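Values below: all heavy atoms of this structure, side chains included; hydrogens, waters and symmetry mates excluded. What you see is a predicted model; the values in this text were computed from it and never measured.
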Amino acid sequence: MKKSKKSVLALAGLVVAMSSATAQTFTGAFDVGPGGNPQKFNPLTASAGFSFYNKYFSTLTLYDVGLQKISGDLAESWNYSTDAKSLAIKLRKGVKWHDGTPLTARDVKFTLELVRHPDMASVFAARLEAISSIKVSDDQNLVLTLSSPDVSLPDALTAVMILPQHLLGQVAPKDLRNGDWWKSPVGSGPFKWVKYVPDQYVELAANPDFYRGKPKLAKLINRYFKDGSSAAIALQAGEIQHTPLTLDQVRENEKTKAYNVVAGSSHVLNYIGFNNDDPRFKDVRVRQAIMLALDRSAIVKNLYAGNATLASCALTLPKFLPGQLEPYATDLARARQLLSDARWSSLSRGEPIEMLTYYGDQVSKDVLAAVQSMLAQVGVKISPRFVDGATYGQLTDSGKFAMVFAGQGNGPDPSVYNNVLGSAYVPPKGLNRMRISNPEIDKLLEAGKAEINEGKRTQIYQQLCRATNEQLPLVPLWVANRFGGFGKNVQDALWTPAPGGGRYQDHPENWSLR
């Protein structure tokens, strides 16, 4: 990638030199790939697509581009009490909704209470359950009283788009969940909603009153494609300025150098998951055997071309990894013995087991073909099934599945796993789609959420790592790199791979085109 003297490539973010402001339109395929949420516009029910939501809504907090540090978006500051039983939040002054109405602490209270309302059935509700009451002190200040300490709230708040009470406050929560209010949404982000043409695009216009300053772009368009290949072709042709890319598309671009490519860790753990209510997978020896049968190093080397890092537990950030974890190096003889001890042949009856996935790129198809071949060597027969994200969610939420090849956002705060591994959060209450129920893991998740001392908290999550390594509620595979493509005329665009496609500050008000 060619860089000007002012260009900076830091962590996984791309910052390119600034240009003079002109009336410009930036078109991107923001919802392509597993981090997108195409043509689903209700932020109260979304678990992905955050990058585009943040173009017209705002959150209280956001991570920096390196996903290392939380900073304020609408929140100017936040402080826990000494016992961590309350959280005081101070909002920025002068923030306005797109209709000109001032944004206040009452809007924040309204949104948080809406997310927690049972009729909303929000996937974020579990992350906010420690909040017992919310008191608004004045337009800029509110206090969250907690039933128990929860130091993960600043992380949770990066995913909650704040909504206008003056426009939505009289609408029943169930109608906000299922209704079409999003067809003319009013946010407080850098761009305003203009129009939506189904199956084609959403058009946003610059918000001249945005608190960090009017965007340099006049318009921002999210264009929809049937598949990522079409988006990559449009980027190569100069029809759009940005799209997430697959490794195959990155390799193809190496021949033409038609656009710039940014790479970075996805912060997403790829794993093989099990329906833990299925009797075939209740014996830990079965899960261990499946991991031992896989030659993960060969897959990373040959199929990902080295663009992935092996994982040994559910957590992947180095500080949460204790020493002497079981590496689960490939051992077919041991895998066969474990399956024999667990009486696998009688459990499975030799029938192929469907492995569900929402990954449809060629690399993922090759990976599942390799997994299928490797597991067959020890007598585990699988049949891959490729579906879209919506179908995957419906099947796993309802428990109508046996195995999955999937990804879990594994960002800087491990508390994200409370909603995924905790036994209390089986759908519809949470995202524990694998029906995991493990008392030790539950205890560690709750302890980590409540511990305010950072050193002790790190030790708790190291114990959680060790527990998931030993008991394998899911089989951790690797964290793969992901890629983004930008047209060569793009300047000041900042992007990083991120779980759910966002939850970080990308400063779109600074984006421009040559």
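- Atom NZ of Lys365 sits about 15.0 Å away from atom OH of Tyr359, to the nearest 0.5 Å.
- Side-chain atoms of Arg92 come within 3.5 Å of backbone N or O of Gly72 as a donor-acceptor pair.
- Using a 4.5 Å cut-off on side-chain heavy atoms (C-beta onward), Met120 and Val115 make no contact.
- Looking at Gln236 and Asn253, their side chains never bring a donor and an acceptor atom within 3.5 Å of each other.
- Remark: Leu91 CG to Trp78 CH2 distance equals 11.5 Å, nearest 0.5 Å.
- Judged by distance alone, the side chain of Tyr53 and the main-chain N or O of Met161 form no donor-acceptor pair under 3.5 Å.
- For the pair Pro412 and Gln68, the minimum side-chain heavy-atom distance is 4.5 Å or more.
- Taken from OG1 in Thr468 to CG in Leu269, the straight-line distance is 9.0 Å, to the nearest 0.5 Å.
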| said: Set out, in order, the CA-CA distance, both residues' side-chain angles and the distance that settles side-chain contact (heavy atoms from CB on, under 4.5 Å) for Val300 and Thr309, then state yes or no. | reply: CA-CA 8 Å; Val300 167; Thr309 302; over 6 Å; no
Side-chain donor-acceptor contacts of residues 240-247 below 3.5 Å, not counting sequence neighbours, with atom names and distances?
unit_1: Gln241; atom_1: OE1; unit_2: Thr27; atom_2: N; d: 2.7
unit_1: His242; atom_1: ND1; unit_2: Gly485; atom_2: O; d: 3.0
unit_1: Thr246; atom_1: OG1; unit_2: Gln249; atom_2: N; d: 3.3

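- Although no hydrogens or angles enter the test, the distance criterion places no donor-acceptor pair under 3.5 Å between the side chain of Asn419 and the main chain of Val416.
- The closest side-chain heavy-atom distance from Pro473 to Ile441 is below 4.5 Å.
- In this structure, Thr357 contributes its side chain and Phe405 its backbone to a donor-acceptor pair below 3.5 Å.
- In plain terms, the two heavy atoms of Ser423 and Asn432 that are nearest each other are CA-ND2, 3.9 Å.
- Side chains of Pro497 and Val268 form no contact here, defined as non-hydrogen atoms less than 4.5 Å apart.
- Taken to the nearest 0.5 Å, the OG1 atom of Thr496 stands 13.5 Å off from the OH atom of Tyr63.
- Heavy atoms only, all atoms of each residue included: Tyr358 and Gly407 are closest at OH-N, 2.9 Å.
- Counting only heavy atoms from C-beta outward, the side chains of Met403 and Phe281 approach each other to under 4.5 Å.
- Remark: the backbone N or O of Phe401 is paired with a side-chain donor or acceptor of Asn275 at under 3.5 angstrom.
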| query | Would Leu163 and Leu176 satisfy side-chain contact (heavy atoms from CB on, under 4.5 Å), going step by step from the backbone distance to the final call? | reply | CA-CA 11 Å; Leu163 301 178; Leu176 288 175; 5.9 Å; no
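- Here Ser398 contributes atom OG and Arg433 contributes atom CZ; the two are 10.0 Å apart, rounded to the nearest 0.5 Å.
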| query | Going through the distances and angles, do Phe41 and Val202 end up as a side-chain contact (heavy atoms from CB on, under 4.5 Å)? | reply | CA-CA 10 Å; Phe41 303 106; Val202 168; 3.5 Å; yes
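- Checked by atom type, the side-chain pair Asn270/Trp478 shows a donor-acceptor distance below 3.5 Å.
- Phe26 places a side-chain heavy atom less than 4.5 Å from the side chain of Val490.
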| Intermediate values then yes/no, side-chain contact (heavy atoms from CB on, under 4.5 Å), Asn37 and Phe52 | CA-CA 9 Å; Asn37 199 27; Phe52 188 61; over 6 Å; no
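- The pair Asp139-Lys93 fails the salt-bridge criterion, with no side-chain N (NZ, NE, NH1 or NH2) lying under 4.0 Å from an Asp/Glu carboxylate O.
- Residues Trp181 and Leu167 are not in side-chain contact: their nearest non-hydrogen atoms beyond the backbone lie 4.5 Å or more apart.
- In plain terms, the two heavy atoms of Tyr504 and Asp64 that are nearest each other are CB-O, 3.5 Å.
- Between the Ser266 side chain and the Arg482 main chain, no donor and acceptor come within less than 3.5 Å of each other.
- Within the 3.5 Å criterion, the main-chain N or O of Phe274 finds a donor-acceptor partner in the side chain of Asn276.
- Residues Asp73 and Tyr211 have side chains that bring a donor and an acceptor to within less than 3.5 angstrom of each other.
- Remark: Lys449 does not engage Asp155 in a salt bridge, criterion side-chain N to carboxylate O under 4.0 Å.
- Of the residues Phe50, Trp193, Phe210, the one that meets the ring pair (Phe, Tyr, Trp, His ring centres under 6.0 Å) test with Tyr56 is Trp193.
- A distance of 9.0 Å separates CG of Asn207 from OG of Ser58, quoted to the nearest 0.5 Å.
- Counting only distance, with no hydrogens or angles, the side chain of Asp107 and the backbone of Gln165 share a donor-acceptor pair below 3.5 Å.
- Side-chain polar atoms of Asp506 and Asn54 form no donor-acceptor pair below 3.5 angstrom.
- Side-chain contact, Thr391 with Asp388: a donor N or O sits under 3.5 Å from an acceptor N or O.
- A donor-acceptor contact shorter than 3.5 Å is absent between the side chain of Asn481 and the backbone of Ala263.
- Leu235 places none of its side-chain heavy atoms less than 4.5 Å from the side chain of Phe486.
- Note on Arg127 versus Asp150: no salt bridge recorded, every NZ/NE/NH1/NH2 to OD/OE distance being 4.0 Å or above.
- Distance alone, capped at 3.5 Å, places no donor-acceptor pair between the Asp397 side chain and the Gln394 backbone.
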